[in-house]
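Below is one structure, written out as structure tokens; comments come after it.
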Amino acid sequence: MSIKCKICDGEMENQGSLFDLCVCGGDIIKSFWSCPLCGKLFYNEYYDCWNSDSPDDVWFEVSRKAFDEGLETIRRCPDNTSKFCACEVHPFSVDYGEVKKV
């Protein structure tokens with residue numbers, strides 16, 4: 001699946017993802033993406049929830065610091081594809097003070 005950059009329309013690369021539990025019981029896939037064409041960095045939350053009023057797909061442009069710290073954190077999870085993982089990383093959140101919704 002190809003994901004286009006929200007800034008330049010280049011093809012982005014997934015640098016890391018983590019499944020988390022949504023309050024409705026569904027999945028939230030939290031991912032960090034980079035665009036090799038323009039160099040922009042993004043954080044994405046994809047909601048796979050059957051009864052949520054949230055948009056399915058939310059994108060944020062993030063700083064290099066937020067990107068690197070977020071990736072470092074989710075890579076500590078021993079089972080990043082399980083929303084039921086009980087490691088110290090879950091639940092995972094990003095410092096929204098350093099992001100810009102796109």
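In this text, all values refer to a predicted model and were calculated from it rather than measured experimentally. Note that the numbering runs from 1 along the sequence shown for the chain.
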| said: Tell me the closest heavy-atom pair linking N44 and V58, and the distance in Å. | reply: ND2-O, 3.1 Å
| query | Tell me, which pairs form a ring pair (Phe, Tyr, Trp, His ring centres under 6.0 Å) where one or both residues lie in residues 71-91, sequence neighbours left out? | reply | none
| task | Look up atom CD in Q15 and atom CZ in R75, then write down how far apart they are to the nearest 0.5 Å. | result | 7.0 Å
| Interatomic spacing from SG in C38 to NZ in K6 - rounded to 0.5 Å | 12.0 Å
| task | Answer whether the closest heavy-atom distance between the side chains of C5 and W33 falls below 4.5 Å. | result | no
| task | Please indicate whether K40 has more than 12 foreign heavy atoms, meaning atoms of other residues, nucleotides or ligands, lying under 6.0 Å from its NZ. | result | no
| query | Which pairs with one or both residues in residues 5-31 pass ring pair (Phe, Tyr, Trp, His ring centres under 6.0 Å), sequence neighbours excluded? | reply | none
| Could you state the interatomic distance from CG (N14) to CD1 (I29), rounded to the nearest 0.5 Å? | 10.0 Å
| message | Is it the case that the side chain of D20 and the backbone of I28 share a donor-acceptor pair, with hydrogens and angles ignored and the cut-off at 3.5 Å? | response | no
| said: Let me confirm one number: the CD1-SG distance from I3 to C35, rounded to the nearest 0.5 Å. | reply: 12.5 Å
| query | Hey, any chance L37 and V62 share a hydrophobic cluster, counting ILVMFWY side chains that come within less than 4.5 Å of each other, even indirectly? | reply | no
| query | Between S17 and I74, what is the shortest heavy-atom contact and its length? | reply | N-CD1, 3.6 Å
| field | Separation between CD of E69 and CZ of F32, rounded to the nearest 0.5 Å | value | 9.5 Å
| Could you go step by step and tell me if D79 and T81 meet the side-chain contact (heavy atoms from CB on, under 4.5 Å) rule? | CA-CA 6 Å; D79 189 5; T81 61; 3.4 Å; yes
| said: Within this structure, what is the NZ-CE distance for the pair K4 and M12, rounded to the nearest 0.5 Å? | reply: 10.0 Å
| message | Going by the rule salt bridge (Lys or Arg N to Asp or Glu O under 4.0 Å), which residues pair with R76 if we only count those two or more places apart in sequence or in a different chain? | response | E88
| query | Looking only at heavy atoms, what is the nearest atom pair of S34 and L41, with distance? | reply | CB-CD2, 3.8 Å
